[in-house]
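Only one structure is covered here, and it is reproduced in the block below.
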Amino acid sequence: MKFSASSALAVLGVAAGLGLSTPAHANLLTNGSFEDPSIGTWYLNETTSIPGWTVTTNNVDVVAQGYNGPSAAYDGQQYLDLVGYGSTGGIQSQSFATVAGQTYRLTFAYANNPWSTSTASANVRVQDGTSNTLLLQEVTHSGSTTNTLGWSLFSQSFIADGTSATIRFDETVGGGNGGVMLDAVGVAAVPEPATWALMVLGFAGLGFMGYRQSRTQKAFA
Ligand SMILES: [Ca+2]
């Protein structure tokens, strides 16, 4: 097949029309970065009510950057301490729509409460609409300080088996002042092979157009 700039444009047009022109994936979670509501610098909000989330065990802390010394949030100005007042804590995301058989990627940043010398651990679990577990893993963190929380990054994929799913976090190790810190929780669909094929075609077309342009410029140089 002869590949022309116009056919490259057609491929790009098709890809764009299908919403596949960029590999950027929309986060299916609301308030995954715990920025809503803004609680102001230097404050901590011990709460059982966070937009987009249900507090399932005890209470949790939404923490504003600056409260734990100069250490920074991973994303934005606020993050979550999975243990509020007490020694346990848990949260569950709102239900989000899924397509059975589609692969999704769960990503988040985690650290541990810098005021404790204890290691902190939490279970992260993805459940389908009937509470079957699609992904279960324990994350463990230590060494966070008030200067730097030393955020670690979690990234695991799961395959949906129904029309909805939820993410939940449950503190397992740490106790009072030993909570796991969470930020930038996101879920996004992983592009399917067909999508990648379209994008590769699109990029090939762009490369070819660049080649044609440079040849044209040379011809006029
Ligand atoms: Ca945040």
Side-chain angles (χ1 to χ4, degrees), residues 23-86 88-96 104-116 119-126 135 137-158 165-174 177-189:
H25 318 143
N27 188 359
L28 301 177
L29 298 183
T30 301
N31 200 23
S33 189
F34 307 104
E35 302 295 315
D36 177 29
S38 172
I39 60 174
T41 311
W42 303 108
Y43 286 98
L44 169 144
N45 186 19
E46 210 143 75
T47 183
T48 57
S49 172
I50 305 171
W53 298 91
T54 302
V55 176
T56 52
T57 304
N58 208 20
N59 55 73
V60 298
D61 290 337
V62 174
V63 184
Q65 184 165 269
Y67 181 82
N68 285 321
S71 61
Y74 178 78
D75 176 65
Q77 305 294 315
Q78 300 180 174
Y79 52 94
L80 190 91
D81 181 343
L82 200 49
V83 173
Y85 180 75
T88 60
I91 57 168
Q92 180 168 327
S93 76
Q94 78 281 8
S95 175
F96 54 90
Y104 296 83
R105 183 161 291 276
L106 167 65
T107 52
F108 60 87
Y110 62 102
N112 65 289
N113 190 321
W115 301 104
S116 170
T119 290
S121 300
N123 277 337
V124 53
R125 187 190 306 260
V126 181
L135 171 72
Q137 194 160 324
E138 186 171 50
V139 294
T140 295
H141 203 281
S142 61
S144 294
T145 72
T146 53
N147 281 322
T148 174
L149 292 173
W151 294 100
S152 295
L153 298 180
F154 179 97
S155 178
Q156 290 279 324
S157 61
F158 64 91
T166 55
I167 313 293
R168 61 178 294 167
F169 295 91
D170 293 285
E171 178 88 0
T172 53
V173 177
N177 279 342
V180 167
M181 310 299 202
L182 297 169
D183 203 358
V185 187
V187 174

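Counting starts at 1 for both ligands and their atoms, following the listed order.
Within D183, the N/O/S atom positioned nearest the Ca ion (ligand 1) carries the name OD1. The Ca ion (ligand 1) lies closest to atom OE2 when only the N/O/S atoms of E35 are considered. Of all N/O/S atoms in D75, O sits nearest the Ca ion (ligand 1).
Metal site remark for the Ca ion (ligand 1): Y79 contributes no N, O or S atom at a distance under 3.0 Å. Among the atoms of S33, an N, O or S atom falls under 3.0 Å from the Ca ion (ligand 1).
Side-chain N/O atoms of N68 and Y79 include a donor and acceptor closer than 3.5 Å. For the residue pair N112 / S144, a side-chain donor-acceptor distance below 3.5 Å is found, with atom types taken as modelled. A donor and an acceptor atom, one from each side chain of S33 and D183, are located under 3.5 Å apart.
Put simply, CZ on R125 and CG on L106 are 13.5 Å apart, with the number rounded to the nearest 0.5 Å.
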Check against ring pair (Phe, Tyr, Trp, His ring centres under 6.0 Å), Y110 and F169: CA-CA 11 Å; Y110 62 102; F169 295 91; 9.4 Å; no
